[in-house]
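Values reported hereafter were calculated over all heavy atoms of this structure, with side chains retained and with hydrogens, waters and symmetry mates removed. Note that ligands are numbered from 1 as they come in the structure, with each ligand's atoms numbered from 1 the same way.
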Amino acid sequence: MTPGSVTIHPVRIPFIVPAPSGPVSRFVFSFLICTDASILLIDTGVSGSEQTIFGKIRKTGRKPEEISTIILTHSHPDHMGAAKAIREATGCTIAAHSLEKAWIEDTQRQEKERPVPGFSGLIGGPVHVDRLLDDRDIVPLGEGRSIEVIHTPGHSPGSISLLLRPEMALFSGDAIPVPGNLPVYDNPAESARSVERLMNIEGIQYLFSSWDKSREGEEVYWAMDDGYAWVEQVSGAVRDMMAAHPGIDPGELTLLVMKEIGLPPEAANPMVTRTIMASVRPPGNSR
Ligand SMILES: [Zn+2]
């Protein structure tokens with residue numbers, strides 16, 4: 001069967017994180033997968049992003065109410081922040097990996113366990129997860145088209161990537177670290193393994209990452225190679241700094257590592273320290 005038409009619209013959502021050293025401008029991508037029958041939304045951006053997302057939908061001549069499902073690649077505020085508002089406006093269902101459920105449904109717990117600066121301003125509130133996703137689950141989109149769930153932990157325990165078939169478009173959430181960006185993941189070894197797993201999928205034509213521009217053709221695999229190398233570089237810098245400064249405290253270690261990997265130390269935040277301490281901990285200890 002030949003699938004009907006599908007259009008993928010990346011939606012770039014700028015936002016501000018109030019870091020300890022001052023506000024940091026960031027952005028994140030959400031993605032609209034528009035088929036003839038409905039609209040699937042991958043991630044929602046921070047609180048308030050529904051206006052940007054709905055605006056994009058209207059520009060394409062469709063209606064926000066056509067969103068039938070949101071798939072959250074994971075629970076972090078810049079991915080689930082507007083989920084509550086979008087569900088209230090559209091009545092859509094929400095799907096995510098089982099290991100992210102607790103933090104999506106209890107955002108106060110998430111804030112306590114992962115205190116992102118400015119958390120409460122970035123997240124519109126908790127939402128119920130209607131459908132739990134697991135590795136290799138298939139979400140049918142009709143007309144022979146589907147999304148395959150690929151569990152890619154490391155950035156967070158239940159991070160998932162989504163492969164749209166037959167277009168072979170991969171939506172990787174935050175699973176592929178972007179070189180030169182602040183390193184933010186819970187488990188570097190798992191993160192590297194997840195990138196490796198994605199690299200081993202043959203025939204991916206498009207890559208849509210939450211923090212990076214869209215990639216096409218051979219650039220897809222180059223971006224994955226670079227992401228893998230970045231995780232290795234950060235872990236190597238942590239090891240070197242630990243060896244040179246035994247007993248150093250986490251804050252100082254963060255600043256030294258940031259300098260070593262070519263990032264401005266003033267951009268350091270608790271998320272980066274969390275990442276760096278994860279590189280210090282023995283592997284397998286993800287939270
Ligand atoms: Zn994230």
Suppose the cut-off is 2.8 Å; which protein N/O/S atoms would you list for the Zn ion (ligand 1)? H74 NE2, H76 ND1, H155 NE2, D174 OD2
ring-ring contact (aromatic ring centres under 6.0 Å, His included) with F171: which of F29, F208, Y206? F208
NZ/NE/NH1/NH2 to OD/OE distance under 4.0 Å, [X] and [Y]:
X: R197; Y: D135; result: yes
X: R26; Y: D78; result: no
X: D130; Y: R87; result: yes

Any sub-3.5 Å donor-acceptor pair from H155's side-chain atoms to P188's backbone N or O? no
S156 and side-chain hydrogen bond (donor to acceptor under 3.5 Å, both in side chains): which partner among E190, R114, E100, H74? E100
